[in-house]
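Since the structure comes first, as C-alpha cells, the remarks are kept for the end.
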Amino acid sequence: MNATDDSVDFSITNSYIKDWIVNNYLSQIKYIFKADFNISEVNIILNETKIDNIESISPNKNLYNIGIELNSTYTFENFVIGESNKLAYSVAKSFVEGDKMCNPLFLYGSVGLGKTHLLQSVAWEMKSKFPNKDIVYISANKFMTLYVDACRNQTTNDFKEQFKHINVLLIDDVQFLAGKEATQKEFFYTFNTLLDDGKQIILACDKNPDNLENIDKSLISKMKTGIVIDIKESDDELKYEIAKTKAKLLGLDCNNLVLKYIAESFGITNRDIEGTIRKLLMEQKFFKKEVDLKKVSDILNEKKKLVNCEYIQCKVAEYFKITTSEILSKKRDSQFILPRHIAFYLARKITKKSYPELGKHFEKNHATIINGCEKIELEIKNNNFDTINIISNIEKLIFI
Ligand code: ADP
Ligand code: MG
C-alpha cells in the first residue's frame, strides 16, 4: 500500500484478484476512506511482478539491469540521428509506445554503431513512462552464465520463474547465443512465453539474423517475427555530431575544428570518439593543457602504440563481456575457450611476438598458444563466417 494525504494506492500481485476487488469492493473501499480519512482517490494497481530475486546490480526501481551498469547518458536525447540510424531510432521510439508492429524488434549493426545506446534509451524512457512495467536489460552472455549456474545449482525452475514476469525484455549481443544449444533452448522458451503473454522484446545483435550461424533456425525465425532493422556505418557528419554531443555531455571546452579532426580521423569508431574526448578532458582538467589539434593527434597516435598483448586481452574481454582474468585463467568452460584462442591469435598477428614470449603474457606454455592460434587459423581457412566476423569486430575495437 502506498498513501499520501489525498490518495491511496493498493498493489495487487494477481490480475484476477485485482479485477475481483475492483468489481466487488472498490466503491465500498472508497466510501470508507472518504468517510474516515477524507480520501476519495483510491487506486487498485496491478503489480504482478515477482522478479525480486533477479540479480540487479543497481536499484533502478522497475528497471533491472543484470550484470551491467546502465549508462545514464545513453538516452534518446543524447542519441544523434543521421541517415544511417534514423529508421532504427524511430522504430525504437514506436517500440516504447507499444506499437505491436515493432515487437519483437531485432536491431543489428556493426560494433560501435549505437545498438546498446538505443537499447538503454528504450530502457530509461520506458522506466519513467511506465513505472508499473518491469523492464530487464541483460546481455545474451549474462543470460547464458545465469542459466548455466541455474543448471549447476538445480534451480532452473527459479530461473524460468523470474523471467516469466518481465514486461519488457531488452537483450543485447544476441550473437553470443551462437553454438550454445542448451541456452538457446531456454532462451527460446523465455522468448515464446513472453511473446505469448503480449510482452515486449528487443534484441540487439552485431549480425543480420540471416547470417547468424550456429543458432537454431526456428529461434532465428521467431526473432524475426516482428521487425528487423539495421544501423548502417556512420558517416563523418554523424561522427562529428556525436563528438559534439559527447564533448558537451562531458564538459570538454574545445573548438569545432578539434571535434571535426576527431570525427574525420582515419578509421575512428563512435566508441573511440568518447574515449578520445575523455582523454582530452583529463589533459584540460588536470594538466591545464590547451586542447589543440596537436594534442588530439598525439592522443590518436598514442592509441596505436598502445596495442600490446595486455591491450588485446582487454579488448577481447570487452567484446565477449568477460574479464581479462577469465582469458588468462585455465577455465575450460566453452564461453572462455574461444575468446582465449582469439586473444592468442590476435596477439600473434598484431604484435608478431614469438610463441614463448606470448606464453609469458598469457601465463601459458608456448604449446598452448600454438594450439590456440592454429585452431583459429583453421577456422579462418575453412571460411567460418562467425569467427571471421568476430575477429574483424574485435580488430575494429582494437584499432581506432
Ligand atoms: P554498439 O552497441 O552498437 O556496439 P554502442 O551503443 O556501445 O555501440 O555505442 C558506442 C559509443 O558510440 C557509445 O559511446 C555511444 O553513446 C556512441 N554512439 C553511437 N551512436 C551514437 C549516436 N547516434 N548518437 C550518440 N552517440 C552514439
Ligand atoms: Mg553493444
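Remember, it's 1-based here, ligands and their atoms both numbered in the order they're listed. For reference, positions follow the sequence shown, starting with 1.
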### N78 contact mode with ligand 1 (heavy-atom cut-off under 4.0 Å)
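Backbone only.
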
### Task
Report the part of K246 in contact with ligand 1, treating N, CA, C, O as backbone and CB onward as side chain, heavy atoms under 4.0 Å; options are side chain, backbone, both, neither.
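The answer is the side chain.
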
### Query
Which atoms of ligand 1 sit under 4.0 Å from any heavy atom of N85?
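Checking each atom against N85, I get 23 (N).
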
Cation-pi check, [X] to [Y]: give yes when NZ or CZ is under 6.0 Å from the six-membered ring centre and within 45° of the ring axis, no otherwise.
{"X": "K133", "Y": "F130", "result": "yes"}
{"X": "R348", "Y": "Y355", "result": "yes"}
{"X": "K222", "Y": "F191", "result": "no"}

### Query
Got an N/O contact under 3.5 Å between V111 and ligand 1?
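In this structure, V111 places no N or O atom under 3.5 Å from an N or O of ligand 1.
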
### Task
State whether the shortest distance between N or O atoms of L238 and N or O atoms of ligand 1 falls below 3.5 angstrom.
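For ligand 1, there is no N or O atom that lies under 3.5 Å from one belonging to L238.
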
### Message
Do S139 and D173 pair up side chain to side chain, a donor and an acceptor below 3.5 Å, judged on atom types alone?
### Response
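No.
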
### Task
Ignoring hydrogens and angles, state whether a donor on the side chain of N153 or T155 is under 3.5 Å from an acceptor on the partner side chain.
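There is no such pair (donor and acceptor under 3.5 Å, judged by atom type) between the side chains of N153 and T155.
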
### Query
Out of E274, R271, H117, whose heavy atom sits nearest atom 7 (O) of ligand 1?
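The option holding the nearest heavy atom is R271.
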
### Query
Which option out of L107, N270, V80 puts a heavy atom nearest to atom 24 (N) of ligand 1?
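Of the listed residues, V80 has the closest heavy atom.
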
### Query
Does G112 have a non-hydrogen atom less than 4.0 Å from ligand 1?
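For ligand 1, residue contact (heavy atoms, under 4.0 Å) with G112 is present.
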
### Message
Using a strict threshold of under 4.0 Å (side-chain N to carboxylate O), is an ion pair present between D333 and K180?
### Response
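Salt bridge absent between K180 and D333.
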
### Message
I'd like to know if E310 and K315 make a salt bridge, using a cut-off of under 4.0 Å between side-chain N and carboxylate O.
### Response
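No, this pair does not count.
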
### Query
Quick one: are the ring centres of Y89 and F76 less than 6.0 Å apart?
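Yes; F76 has its ring centre under 6.0 Å from that of Y89.
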
### Message
Under the ring-ring contact (aromatic ring centres under 6.0 Å, His included) test against F187, which residue among F163, F159, Y147, F143 passes?
### Response
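Single ring-ring contact (aromatic ring centres under 6.0 Å, His included) partner of F187 among F163, F159, Y147, F143: F143.
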
Give me the nearest non-hydrogen protein atom to [atom] as residue plus atom name, then the distance to 0.1 Å.
{"atom": "atom 2 (O) of ligand 1", "value": "T116 OG1, 2.8 Å"}
{"atom": "atom 8 (O) of ligand 1", "value": "G114 N, 3.1 Å"}
{"atom": "atom 13 (C) of ligand 1", "value": "Y74 OH, 3.3 Å"}
{"atom": "atom 21 (C) of ligand 1", "value": "I242 CD1, 3.4 Å"}

Name every donor-acceptor pair, under 3.5 Å, that has one atom in a side chain of residues 202-212 and the other anywhere in the protein, sequence neighbours excluded.
from, atom 1, to, atom 2, distance (Å)
D206, OD2, Y319, OH, 2.7
D206, OD2, N393, ND2, 3.0
K207, NZ, D386, OD1, 2.7
N208, OD1, D210, N, 2.8
N208, ND2, Y108, OH, 3.3
D210, OD1, K224, NZ, 2.7

### Task
Using a cut-off of 2.8 Å, find all protein N, O or S atoms closer to the Mg ion (ligand 2) than that distance.
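Per the 2.8 Å query on the Mg ion (ligand 2), atoms found are T116 OG1.
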
In residues 371-381, what donor-acceptor pairs under 3.5 Å come from side-chain atoms, sequence neighbours left out?
from, atom 1, to, atom 2, distance (Å)
E379, OE1, N384, ND2, 3.2
E379, OE1, T387, OG1, 2.4

### salt bridge (Lys or Arg N to Asp or Glu O under 4.0 Å) against K246, all qualifying residues, sequence neighbours excluded
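Result, salt bridge (Lys or Arg N to Asp or Glu O under 4.0 Å) vs K246: E274.
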
